[in-house]
Amino acid sequence: MGSQTTAIGIDIGGTGIKGGLVDLTTGELISERVKLPTPVGGKPNDIVETTKEIVSRLAAEDPTAPVGVCFPAIVSHGITMSAANVSKKWIGLEAEKLFEIGLGRDIHFVNDADAAGYAESRFGAAKDKDGLIILTTLGTGIGSALIYNGVLIPNAELGHLEIDGADAESRASYAAKEREDLSWEKWANRLQRYYSHVEFLFTPDLFIVGGGVSKNYQEFMPLLDLKTPMVPAVHRNNAGILGAAALAGPGTP
C-alpha cells in the first residue's frame, strides 16, 4: 500500500505509548496495535526513543507512510506549552522538532484530545456532520476538541473552564467521580452543570463524549437535560492513533 492511503498514528499517554498503521479511507487499523510502556519520569529524550522503536516497527510495513503523533499537552506551533502526566521538561519545548530529529522524518504533532476529536469527525460519531461539534473526554481530567465543518480548531481547553469557583475538571471528570465515590446521579448533576455552561458559551450542534467511561454512557447520558444532541464516541482506545494518522495524511483540511 502506498502512503496516499495509509499513515502511522502514535498516541503518547502518561502510562503507555501506542501506535498503528491506519487506512485513511476506512479509519481502520491495518497493523497490530503496538504498545510500549511510557518511560518512567516521561522525559523528552526517553519518550522520543520509545516512539522511534514503535515507528520503526510500523514503518517496516509501509516505509513511506506519513507519521502523526498526539501528545497530552497544549501544542502551539510545534511547542508543548503544558505537560499532563509527563515530565515538566516538556513545558516550552520545541517538541515537534525534537521528534523529527529523533525519528529522522517529518511528522504532524498535535494535542491528544484534538486527535481524538478529529478521528470522530473523519471516521466516527461526527462523520459527515456539519456545524460545531464538541468532543469531551471524561477521564483523569476533561479533554476537549472543537470541530467546525470538519476542520479542527486546536487547543480548546474546556476542561479548565471555571464553574462555581473551581476548575470544571476537578469536579466533573471521571477521576472526580471515583475520588469522591459519587453515584451516577450525583456525578450527572455535576456533568449537567458543566455541559449546560459549555452549551451556553458555544451553542454547539453536537456533543460527543469520549474517554473510557463513555462505554457506560447509558448510566449517565440519559440523566442529562440539554438542548444539544449528545452521543458516545466510537473510537475510544484507538481515537488518538486514528486522529494523529489522519491529520498527518494527505488532504487534511
Taking it one step at a time, do Leu98 and Leu93 satisfy side chain to side chain contact (heavy atoms under 4.5 Å, CB included)? CA-CA 8 Å; Leu98 187 75; Leu93 192 68; 4.0 Å; yes

Side-chain contact, heavy-atom cut-off 4.5 Å: [X] with [Y]?
X      : Y      : answer
Tyr217 : Val231 : no
Glu96  : Ile107 : yes
Arg122 : Leu242 : no
Val22  : Ile8   : no
Leu226 : Gln192 : yes
Glu169 : Asp167 : yes
Ile10  : Val55  : yes
Leu135 : Tyr118 : no

Atom [atom1] in [X], atom [atom2] in [Y]: separation rounded to 0.5 Å?
X      : Y      : atom1 : atom2 : value
Asp23  : Asp62  : CG    : CG    : 11.0 Å
Glu120 : Ile208 : CD    : CD1   : 5.0 Å
Leu152 : Asp114 : CG    : CG    : 4.5 Å
Ile134 : Leu146 : CD1   : CG    : 5.5 Å
Ile17  : Glu49  : CD1   : CD    : 11.0 Å
Asp11  : Ile54  : CG    : CD1   : 9.5 Å

Is Lys129 salt-bridged to Asp205, going by a charged N under 4.0 Å from an acidic O? no

Taking [Y]'s backbone N and O only, do any of them form a donor-acceptor pair with [X]'s side chain (distance below 3.5 Å, no angle check)?
X      : Y      : result
Thr80  : Ile91  : no
Ser76  : Ile79  : no
Thr38  : Gly16  : yes
Ser82  : Ile74  : yes
Ser144 : Leu158 : yes
Arg190 : Arg171 : yes
His108 : Val69  : no
Lys177 : Leu182 : yes

Using a distance-only test with no angle check, is there a side-chain donor-acceptor pair under 3.5 angstrom linking [X] and [Y]?
X      : Y      : result
Ser214 : Asn216 : no
Glu199 : Thr228 : yes
Thr140 : Tyr174 : no

For [X] and [Y], which heavy atoms make the closest approach, and how far apart are they?
X      : Y      : result
Cys70  : Ala115 : CB-CB, 3.6 Å
Tyr194 : Ala168 : CD1-CB, 3.5 Å
Gly68  : Ala248 : N-CB, 3.5 Å

For the hydrophobic clusters of this structure (ILVMFWY residues joined by side-chain heavy atoms under 4.5 Å, transitively), does one cluster hold both [X] and [Y]?
X      : Y      : result
Val48  : Ile12  : yes
Met81  : Phe71  : no
Trp90  : Val40  : no
Val198 : Leu223 : no

Neighbour count >12 (heavy atoms, 6.0 Å) for atom CD, Glu219: yes

Taking everything shown except Glu32 itself, do over 12 heavy atoms lie less than 6.0 Å from its CD? no

Working note: Phe99 + Ile47, criterion side chain to side chain contact (heavy atoms under 4.5 Å, CB included); need CA distance, chi angles, decisive distance, verdict. CA-CA 9 Å; Phe99 277 102; Ile47 283 183; 4.0 Å; yes

Is the ring pair Phe220/Trp184 parallel, tilted or perpendicular, if the boundaries are 30 and 60 degrees? parallel

Derivation of the side chain to side chain contact (heavy atoms under 4.5 Å, CB included) call for Arg193 and Asp164: CA-CA 9 Å; Arg193 186 83 184 83; Asp164 300 331; 3.0 Å; yes

